[in-house]
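Step one of this worksheet: look at the structure below.
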Amino acid sequence: MDYRGLLEAAEIAARATTGQGQVADYIPALAAADPEAFGMAVATVDGELFGVGDWESPFSIQSVSKLFSLLLALSHGGDGLWRGVGREPSGNPFNSLVQLETEHGIPRNPFINAGALVVTDRLQSLTGDAAGAVREFLRREAGNPLLGTDPVVAASEAEHGHRNAALAHFIASHGNLENPVEDVLDHYYAHCAIAASCRDLVLAGSVLARYGVRADGSRMMSRSEAKRVNAVLVTCGTYDAAGEFAFRVGLPGKSGVGGGILAILPGRAAVCAWGPRLDQAGNSVAAVAALDAMTTLSGFSIF
Ligand code: GLU
C-alpha cells in the first residue's frame, strides 16, 4: 500500500477545507492553536511510519486521551469497569448532564466527559496516578520522553471546568466515584492537557491496530478486549457525529477538541490527523476530510 501517496492526497483534501470551522475556545488556552495547522501520520503494524505536514508538532490531545485512559483501566482492572460506565452512544453533546439524572449516575459510555471521569477515577484507584499512567504509556509507546502535560492548558481547563465539576459531583452523589472529586478532576484535566503529535499518537494507538499487543511485543489486553474497545470507538468515539464519521470514514476513531482524530485500521495501521478548526459536533473539519479521502481512495474500512 502506498501510504505516502495516500497521505499526500489526504493533505490536499484537508487543505481544501481551509477557513471552515472554529478553533475551540471554551477552554481559553486552546484558542492559541494555529487554525491553519495540519498534520497526519500513519504507523503500520509492521513498524513503518509515514507523515505529512505538521505531523511532528505537538497539540492538545484532549479527548483522544480518553482512549488511553480506557485502555489502561481495562488492562489493569479488567471488565469490572463496565459496571460503572455503559457502552451506548449518548445522542447528546459530550459534556451533557441530562442523562446522568435519569440513569442514576452511570454514564452512557467512556468517551463522553461523564464516562471519562469514571474511567479516570478507576484508573486512579488502580494505579495511584491516573494522569501519570496515561503520560507514561504514551511516552513509552511513542519513544518520546519529552511528551507531557501542558500546565497552561491544564490550568485553563480547571479554571473553566464548572461543567466537568458538576458532572463529577453528580456522579459522586450516586456513589459512582471511588476517589475525591477534586483528585479525579485534576487527573482528568492533566491527561486531557497532554501535548502530543500525530507521530506520537499513531505509535501509541498502534496497540489497537495490533489487537492489544504493545510496541515491545507484550500483550496489554486480550484480542477480544481490543475488539470491544474498537467497537465502542465506532459507536461513541467522535462525539454526537459517530454515525456521520462511520458513514464518511468507516473506521474506529477518537476525536478531541484540540483538533486531533486517532483512527484504527485493525490489523493494518493507526492513523492520526490533526487540524484545530472544529465542526458543530466538535470534530476537526480538516481531519475528517483527510481521513475520508484516505479511506475512500484506499478502500480501507471496517465495513
Ligand atoms: N478536557 C476537555 C473537556 O473536558 C475534553 C473535551 C474533548 O476533547 O472532548 O471539556
Side-chain angles (χ1 to χ4, degrees), residues 21-33 58-70 85 89-97 100 107-121 123 130-131 134-135 138 148-171 177 181-196 198 201 205 232-233 236-242 245 253-263 272-288:
Q22 301 292 329
V23 177
D25 59 4
Y26 77 101
I27 300 169
L30 294 181
F59 59 89
S60 194
I61 68 171
Q62 292 297 318
S63 279
V64 180
S65 68
K66 295 172 181 172
L67 167 59
F68 298 108
S69 54
L70 175 66
V85 61
S90 70
N92 276 303
F94 68 99
N95 56 5
S96 170
L97 283 140
L100 276 182
R108 275 285 174 101
N109 70 66
F111 296 140
I112 53 175
N113 284 11
L117 288 162
V118 171
V119 173
T120 300
D121 171 68
L123 188 58
V134 175
R135 269 193 306 265
L138 291 173
T149 294
D150 180 332
V152 176
V153 176
S156 186
E157 293 209 40
E159 202 183 331
H160 297 84
H162 302 301
R163 196 168 264 270
N164 286 322
L167 288 168
H169 280 289
F170 201 85
I171 296 166
L177 286 188
V181 164
E182 294 314 321
D183 291 355
V184 175
L185 288 169
D186 282 352
H187 282 269
Y188 171 79
Y189 296 139
H191 71 63
C192 286
I194 288 173
C198 293
L201 291 176
V232 182
L233 283 174
C236 311
T238 41
Y239 303 119
D240 201 14
F245 190 77
K254 184 72 205 85
S255 53
V257 294
I261 304 182
L262 174 60
C272 181
W274 166 58
R277 289 182 189 268
L278 309 180
D279 62 20
Q280 294 286 331
N283 294 311
S284 163
V285 177
V288 173

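In listed order, ligands and their atoms are each counted from 1.
Of the candidates Ala116, Ser63, Ala24, Gly256, the one placing a heavy atom closest to atom 9 (O) of ligand 1 is Ser63.
For atom 1 (N) of ligand 1, the closest non-hydrogen atom on the protein side is Glu157 OE1, 2.6 Å. Looking only at protein heavy atoms, the nearest one to atom 4 (O) of ligand 1 is Tyr188 OH, 2.7 Å. Atom 10 (O) of ligand 1 has its closest protein heavy atom at Tyr26 OH, 2.6 Å. Nearest to atom 2 (C) of ligand 1 among the protein's heavy atoms is Gln62 OE1, 3.0 Å.
Aromatic ring orientation, Phe94 versus Tyr239: tilted (interplanar angle from 30° to 60°).
A distance-only check finds a donor-acceptor pair linking the side chain of Asn283 to the backbone of Thr238 [under 3.5 Å].
Close approach to Asn164 involves these atoms of ligand 1, each under 4.0 Å from a residue heavy atom: 3 (C), 4 (O), 10 (O).
For Lys254, the side-chain hydrogen bond (donor to acceptor under 3.5 Å, both in side chains) test picks out no residue, with sequence neighbours left out.
Residues Pro89 and Cys236 share a closest heavy-atom pair of N-SG, 3.6 Å.
Contact annotation: for Val257 versus ligand 1, heavy atoms closer than 4.0 Å belong to both the backbone and the side chain.
Applying the side-chain hydrogen bond (donor to acceptor under 3.5 Å, both in side chains) definition to pairs two or more places apart or across chains, those involving residues 151-162 are Gln62-Glu157.
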